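All figures in this text were calculated on a predicted structure; none of them were measured in a lab. No hydrogens, no waters, no symmetry mates; every other heavy atom, side chains included, goes into these values.
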Amino acid sequence: MSKINHVTVAHSHSQRKREMAEENEEVVLFPFMAQGHIIPFLALALQLEKRDNLNITIVNTSLNIHKLRSSLPPNSSIKLLEIPFTPSQHGLPPNAENTDAIPYNLVIRLIQASTTLKPAFTNILRDILVQNKNHKLLVIADIFFGWTAAVSKEVGAFHVIFSACGGYGLACYCSLWLNLPHRRVDPTQEDFTLPDFPEARGIHRTQLPTNISEADGSDAWSVFQQQNIPEWVNSDGVLFNTVHEFDSVGLGYFKRKLNRPVWAIGPILFSGSGSRGKGGGISPKLCSEWLDAKPSKSVLFVCFGSMNTISASQMMELGKALDRCGKSFIWVVRPPIGFDINSEFREDEWLPEGFVERVRESGKGLVVRDWAPQVEILSHSAVSVFLSHCGWNSVLESLSQGVPILGWPMAAEQFYNCKFLEEEVGVCVEVARGKSCEVKCEDIAEKIALAMGETEKGVMMRKKAGYVRDMIMDALKDEDGFKGSSVKAMDEFLSAAMS
């Protein structure tokens with residue numbers, strides 16, 4: 001009897017497998033038009049491409065699609081689809097299809113303009129369904145595209161938001177936009193708590209990005225976010241580029257708030273190379289040759305991401321600090337705030353006198369214009385610590401290699417990533433806060449020495465960064481019947497989308 005049952009089960013199982021093999025799923029990814037959003041979406045698309053039966057399409061405006069084309073591996077089957085968008089109709093300069101191409105004050109205008117893509121995006125989804133009659137449709141959309149959830153429901157697609165941010169940082173950021181708690185306390189009060197995320201404890205006024213500190217509920221950013229974030233509730237769940245083991249508090253906020261599944265599938269990292277900047281840069285080969293000549297754990301890497309730079313006076317102090325601390329370093333520089341970020345870098349004006357020559361001759365430092373192969377640098381054994389703006393992609397690239405962080409947050413949720421890494425995880429020390437704070441070279445040099453030296457704090461940070469690296473490696477394991485938490489989460493997400 002049991003034998004017959006066994007055969008029946010086996011038969012139905014193989015039949016189900018056959019049916020699943022015939023069941024193709026159309027996956028549409030739609031990132032917001034900024035490098036820090038597009039690159040994690042591309043990394044996610046490449047990860048999904050390894051799975052069977054998924055036909056993947058990335059949707060974006062024409063200039064971003066053109067850029068993406070050169071980043072796709074030659075053998076990739078990922079389709080790139082243009083969505084029509086005319087910047088000039090929204091008071092934006094021509095070619096302003098990415099935050100890279102516009103000054104910060106116009107970013108909100110690009111975000112507002114992106115909401116007008118709704119009719120075109122609806123048509124794209126309908127066309128895909130018409131062309132692939134028996135296929136299911138899965139939409140993976142950006143955190144700025146809350147409106148896509150209702151559109152997906154309308155056409156009968158499964159919809160998730162993909163956050164390239166971590167859980168904790170995004171929880172603080174969303175809570176601030178939804179509650180504007182700093183408006184409710186006495187203006188002289190420097191610290192306040194988040195009403196729906198008390199786990200974050202005190203937030204200080206200096207940890208507010210400019211757009212939040214100036215928000216009053218009726219400004220353009222507030223109006224957008226207070227409409228956008230609540231729309232996530234129409235989604236079928238949220239994907240996070242993070243690891244459950246060290247980010248469960250932040251993930252818990254979204255489970256509570258949205259009452260939807262939350263899947264931590266990270267780290268999803270893009271490993272492609274090639275300069276993303278304009279001109280400048282350094283070849284990965286040159287970089288690794290320079291690092292090969294350095295002792296283990298002796299180099300500081302300084303880079304503020306693809307969109308950030310510091311002020312001219314901060315740059316001068318950082319240069320003096322690097323001179324003073326005597327450590328080897330690689331520093332990726334861009335023109336300071338107030339200058340065109342894509343213009344020529346004027347080292348004689350913005351750095352201490354003779355700085356570049358001095359570090360070149362002594363072999364102590366590499367000053368790199370605009371772009372460096374960050375993943376290759378962080379994975380080199382010579383690198384000890386990363387001085388970073390705490391953008392989440394950079395954080396994951398660093399922690400995946402067990403490299404602790406000196407934090408200098410500048411915008412968005414970076415302040416709360418830094419807070420999380422310092423207070424909760426113990427792998428970071430904050431060096432400075434924001435683009436306008438006053439910094440002194442002595443203080444920066446002291447923090448560098450603290451993190452890189454044999455101080456109790458430095459040793460502990462490096463040890464904890466090693467633990468986090470192991471945690472990340474475990475989350476991504478898929479061997480001998482063992483599946484890490486991120487692999488399991490990806491399986492669970494795809495099976496929910498398929499059912």
Participant: Let me know which of Phe162, Phe30, Phe32 forms a ring-ring contact (aromatic ring centres under 6.0 Å, His included) with Phe41.
Facilitator: Phe162
Participant: Do His182 side-chain atoms and Ile212 backbone N/O form a donor-acceptor pair below 3.5 Å?
Facilitator: yes
Participant: Using a 6.0 Å cut-off, check whether atom CD of Gln189 has over 12 heavy atoms from anything other than its own residue.
Facilitator: yes
Participant: Would you confirm whether Thr193, through its side chain, and Gly202, through its main-chain N or O, come within 3.5 Å as a donor-acceptor pair?
Facilitator: no
Participant: Check this for me: does any side-chain nitrogen of one of Arg462 and Glu454 sit under 4.0 Å from a carboxylate oxygen of the other?
Facilitator: yes
Participant: Would you say Ser384 and Leu300 make side-chain contact, with heavy atoms under 4.5 Å?
Facilitator: no
Participant: So, Trp263 versus Phe240, ring centres under 6.0 angstrom or not?
Facilitator: no
Participant: Going through the checks in order, is the side-chain hydrogen bond (donor to acceptor under 3.5 Å, both in side chains) test met by Glu49 and Ser76?
Facilitator: CA-CA 8 Å; Glu49 191 182 18; Ser76 174; 3.1 Å; yes
Participant: Okay, side chain of Asp216, backbone of Asp219: is any donor-acceptor separation there less than 3.5 Å?
Facilitator: yes
Participant: Could you check, using the six-membered ring where one of them is a Trp, whether His90 and Phe85 have ring centers closer than 6.0 angstrom?
Facilitator: yes
Participant: May I ask you to check whether over 12 heavy atoms, not counting those of Glu357, lie within 6.0 Å of atom CD?
Facilitator: no
Participant: So, the side chain of Asp478 versus the backbone of Lys483: is there a donor-acceptor pair under 3.5 Å, distance only?
Facilitator: no
Participant: Tell me, which pairs form a salt bridge (Lys or Arg N to Asp or Glu O under 4.0 Å) where one or both residues lie in residues 295-319, sequence neighbours left out?
Facilitator: Glu317-Lys320
Participant: Output yes when a side-chain donor or acceptor of Asn64 lies under 3.5 Å from a complementary backbone atom of Asn98, and no otherwise.
Facilitator: no
Participant: Backbone N or O of Leu286 within a donor-acceptor pair of the Ser283 side chain at under 3.5 Å?
Facilitator: yes
Participant: Not counting sequence neighbours, list each pair that qualifies as a ring-ring contact (aromatic ring centres under 6.0 Å, His included) and has a residue in residues 413-433.
Facilitator: Tyr168-Phe420
Participant: Taking all non-hydrogen atoms of both residues into account, name the closest pair between Asp196 and Ser175 and its distance.
Facilitator: OD1-OG, 2.5 Å
Participant: Any pair with a residue in residues 377-404 that passes ring-ring contact (aromatic ring centres under 6.0 Å, His included), sequence neighbours left out, goes on the list, sorted by first then second residue, please.
Facilitator: Phe301-Phe386
Participant: With the side chain counted from C-beta on, respond yes when Leu46 and Ile268 share a heavy-atom pair under 4.5 Å apart, and no when they do not.
Facilitator: no
Participant: Going by the rule salt bridge (Lys or Arg N to Asp or Glu O under 4.0 Å), which residues pair with Arg324 if we only count those two or more places apart in sequence or in a different chain?
Facilitator: Glu442
Participant: Does Glu344 have more than 12 heavy atoms from other residues, nucleotides or ligands lying within 6.0 Å of its CD?
Facilitator: no
Participant: Closer than 3.5 angstrom, by distance alone: can the side chain of Ser398 be matched with the main-chain N or O of Val395 as a donor-acceptor pair?
Facilitator: no
Participant: What residues, two or more places apart in sequence or in another chain, satisfy ring-ring contact (aromatic ring centres under 6.0 Å, His included) together with Tyr104?
Facilitator: none
Participant: Would you confirm whether Ser288, through its side chain, and Lys285, through its main-chain N or O, come within 3.5 Å as a donor-acceptor pair?
Facilitator: yes
Participant: Would you indicate whether the side-chain heavy atoms of Lys419 and Ile203 approach each other to under 4.5 Å?
Facilitator: yes
Participant: Do the charged groups of Asp100 and Lys67 touch, with an N to O distance under 4.0 Å?
Facilitator: yes
Participant: Tell me which donor-acceptor pairs under 3.5 Å the side chains of residues 425-438 have, and how far apart each pair is, sequence neighbours excluded?
Facilitator:
residue	atom	partner	partner atom	Å
Glu430	OE1	Arg433	NE	3.1
Glu430	OE1	Arg433	NH2	2.8
Glu430	OE2	Arg433	NE	3.2
Arg433	NH1	Thr206	OG1	2.6
Glu438	OE2	Lys440	NZ	3.3

Participant: Are Arg358 and Asp323 ion-paired here, with the side-chain N under 4.0 Å from a carboxylate O?
Facilitator: yes
Participant: Please say whether more than 12 non-hydrogen atoms of neighbouring residues, nucleotides or ligands are located less than 6.0 Å from CD in Glu422.
Facilitator: yes
Participant: What pair of heavy atoms forms the shortest contact from Pro267 to Val243, and how long is it?
Facilitator: CD-CG2, 3.8 Å
Participant: Can a donor-acceptor pair be found, under 3.5 Å and without considering hydrogens, that links the side chain of Ser486 to the backbone of Gly266?
Facilitator: yes
Participant: Does Pro335 reach the side chain of Trp350, with side-chain heavy atoms less than 4.5 Å apart?
Facilitator: yes
Participant: Are side-chain heavy atoms of Met460 and Thr455 found at a separation under 4.5 Å?
Facilitator: no
Participant: More than 12 heavy atoms of other residues, nucleotides or ligands under 6.0 Å from NE2 of His66: is that the case?
Facilitator: no
